[in-house]
**Student:** 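This is the structure I want to talk about, given as structure tokens.
Please read these numbers as outputs of a predicted model, since none were measured by experiment. Throughout, protein chains are lettered first and strands after them, A, B, ... in sequence-line order, and every chain is numbered starting at 1.
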There are 2 protein chains.
Amino acid sequence: MRPLTRKGAATRQRILEGAATHIREHGVADTTLDDILARTSTSKSQLFHYFPGGREELLLAVARVEADRVLEDQQPQLGDLTSWDAWEQWRDRVVERYRSQGGQCPLNSVMSQLRGNTPGAQAVVTELMNRWQAEIAAGVRHMQAAGQIDPGLDPDQAAAALLACIQGGVLIQLSTGRTTHLEAALDMGLAHLRAGRPPSF
Amino acid sequence: MRPLTRKGAATRQRILEGAATHIREHGVADTTLDDILARTSTSKSQLFHYFPGGREELLLAVARVEADRVLEDQQPQLGDLTSWDAWEQWRDRVVERYRSQGGQCPLNSVMSQLRGNTPGAQAVVTELMNRWQAEIAAGVRHMQAAGQIDPGLDPDQAAAALLACIQGGVLIQLSTGRTTHLEAALDMGLAHLRAGRPPSF
DNA sequence: CATAGACTGGACTATAACGTCCAATTCGGA
DNA sequence: TCCGAATTGGACGTTATAGTCCAGTCTATG
């Protein structure tokens, strides 16, 4: 797949973005290849030309796009958790992101449609989780260095727990439509970070 | 559907259990009606006789079965969170249950295959969450009454957060195959319950 | 400007799965 | 025992959608 003219790359990109958008709007189950072709003004042969693996390969590519977007949507806050104020802003950002998405989670949706749990699909999510957790952990370490969080706390452990709080909150929102659990869990997680911190503050 | 002879009820039950089992073993995506028929030695007409709504209705019924099972698997601990020891045992029980399930969550799997998010499907999960949270909250209240948890803590809020911890931990396990996040989140949740409790203990 | 190979259109095939239908059989109460 | 209703078997119809194929057009490069 070395040769890829400018035109070809553009077409591939158009298909990918069109697929992602259609999935966001209608869900994976209600997204057929023909839907994507119609929306992007492309033909079957083009889709299979750029995604030889067909639907599966395309969905995986969409998953990667969505995974990247998850982290992007949390920037710049996620990358700069250097004060309690920043943590609070990040918290609000996360809640707002999922609230506005309103009971939709393209990534979760795509994942569940990928054959069983393809190794490739698992890898995409696992890597997302790793990166996400690493950024949170970095924030925890920074706060510890600044003497705002108890140095005895294990940053990775805390980050893992916080990440689970978010995932669970979002998952529950998928069914209930409410962000109450997400907020409760996040607040508890932040309270835990604050707890037992040096009394000097 | 008033008349339902013993034989009929047995057949219906056989189909339901066969479907649930097959889904647990192969996942929803790889479960066709024909698979279920073959496994349960029944015919198309029987399936549609007892589940006029077809696949959708059957999956919903399976979802209810699995939802019930989730809570049952946590008993008797979940219903008797009256000491720190009981809470710990419950924690271990939850972790063990999902560890043994090994990266499978029949309920989540079934849910994601139900048309978009059918109201009926949402109702099943929402009710499960409500019952689950209520049991946890009851435990919190009991501990408060016994003076083991800070009375200032909102039981429902805490239960909601704890529930999200579990959901998130399990969700992450679906991709990573590890229960580390589940354990970290649960431990953090329990630590939060203990925090700020009356110093008399 | 010529050519090889990338790119495109869209008709066509394959098939997997759900759901329908009806005739045959069994069941349970009167 | 007898009859209407419940139950059953399985062939058949229908549809939706992924994937194939090939002929025709465009593009980059020598």
**Student:** Do B:Glu17 and B:Val65 have side-chain heavy atoms sitting under 4.5 Å apart?
**Tutor:**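 Side-chain contact under 4.5 Å: no.
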**Student:** With distance as the sole criterion, is a donor-acceptor pair present between the side chains of B:His181 and A:Gln167 under 3.5 Å?
**Tutor:**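 Checked: B:His181/A:Gln167 side chains show no N/O donor-acceptor pair below 3.5 Å.
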**Student:** What integer distance in Å separates A:Arg6:CZ from D:dC26:C1'?
**Tutor:** 15 Å
**Student:** Strictly below 4.0 Å: does B:Lys7 bring a side-chain N or O up to OP1 or OP2 of C:dC27?
**Tutor:** yes
**Student:** For a side chain to side chain contact (heavy atoms under 4.5 Å, CB included) check, start with the C-alpha distance between B:Val28 and B:Val62, then their side-chain angles and the critical distance, and finish with the verdict.
**Tutor:** CA-CA 11 Å; B:Val28 191; B:Val62 169; over 6 Å; no
**Student:** Show the nearest heavy-atom pair for residues B:Glu135 and B:Leu81, with the distance to one decimal.
**Tutor:**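 Minimum heavy-atom contact is O-CD1, 4.4 Å.
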**Student:** Fit a plane to each ring of A:Trp87 and A:Trp84, take the angle between them on a 0 to 90° scale, and name the class: parallel (under 30°), tilted (30 to 60°) or perpendicular (over 60°).
**Tutor:**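 Correct class here is tilted.
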**Student:** So, is A:Tyr50 near the phosphate of C:dT8, with a side-chain N or O under 4.0 Å from OP1 or OP2?
**Tutor:**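 Checking A:Tyr50 against C:dT8: at least one side-chain N or O falls below 4.0 Å of OP1 or OP2.
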**Student:** In whole angstrom, what separates B:Leu37's CG from D:dA11's P?
**Tutor:** 13 Å
**Student:** Is there a side-chain contact between B:Gln46 and the phosphate of D:dT7, meaning an N or O under 4.0 Å from OP1 or OP2?
**Tutor:**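 So the side chain of B:Gln46 is outside the cut-off, no N or O lying under 4.0 Å from OP1 or OP2 of D:dT7.
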**Student:** Is A:Thr42 near enough to C:dT8 that one of its side-chain N or O atoms lies under 4.0 angstrom from OP1 or OP2?
**Tutor:** no
**Student:** Could you tell me the separation between the CG atom of A:Leu47 and the C1' atom of D:dT17, rounded to a whole number of Å?
**Tutor:**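 Rounding to the nearest Å, CG of A:Leu47 and C1' of D:dT17 are 13 Å apart.
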**Student:** Check the distance between D:dT17's C1' and A:Leu58's CG and give it to me in whole angstrom.
**Tutor:** 14 Å
**Student:** Between C1' on C:dC7 and CZ on A:Arg14, what's the gap in Å once rounded to a whole number?
**Tutor:**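 Value for this atom pair: 12 Å.
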**Student:** Go along nucleotides 17-24 of chain C 5' to 3' and tag each nucleotide: B for a protein heavy atom under 4.0 Å from its base, S when only backbone or sugar atoms are that close, - otherwise.
**Tutor:** SBBBB---
**Student:** Minimum heavy-atom separation for A:Leu37 and A:Ser43, please, with both atom names.
**Tutor:**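 Closest heavy-atom pair between A:Leu37 and A:Ser43: CD2-O, 3.7 Å.
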**Student:** Check the distance between D:dT7's P and B:Arg12's CZ and give it to me in whole angstrom.
**Tutor:** 11 Å
**Student:** NE2 of A:His49 versus C1' of D:dA23: gap in Å, rounded?
**Tutor:** 16 Å
**Student:** Under 4.0 Å between a side-chain N/O of A:Thr5 and OP1 or OP2 of C:dC7, yes or no?
**Tutor:** yes
**Student:** To the nearest 0.5 Å, what is the distance between OG1 on B:Thr31 and CD1 on B:Ile23?
**Tutor:** 5.0 Å
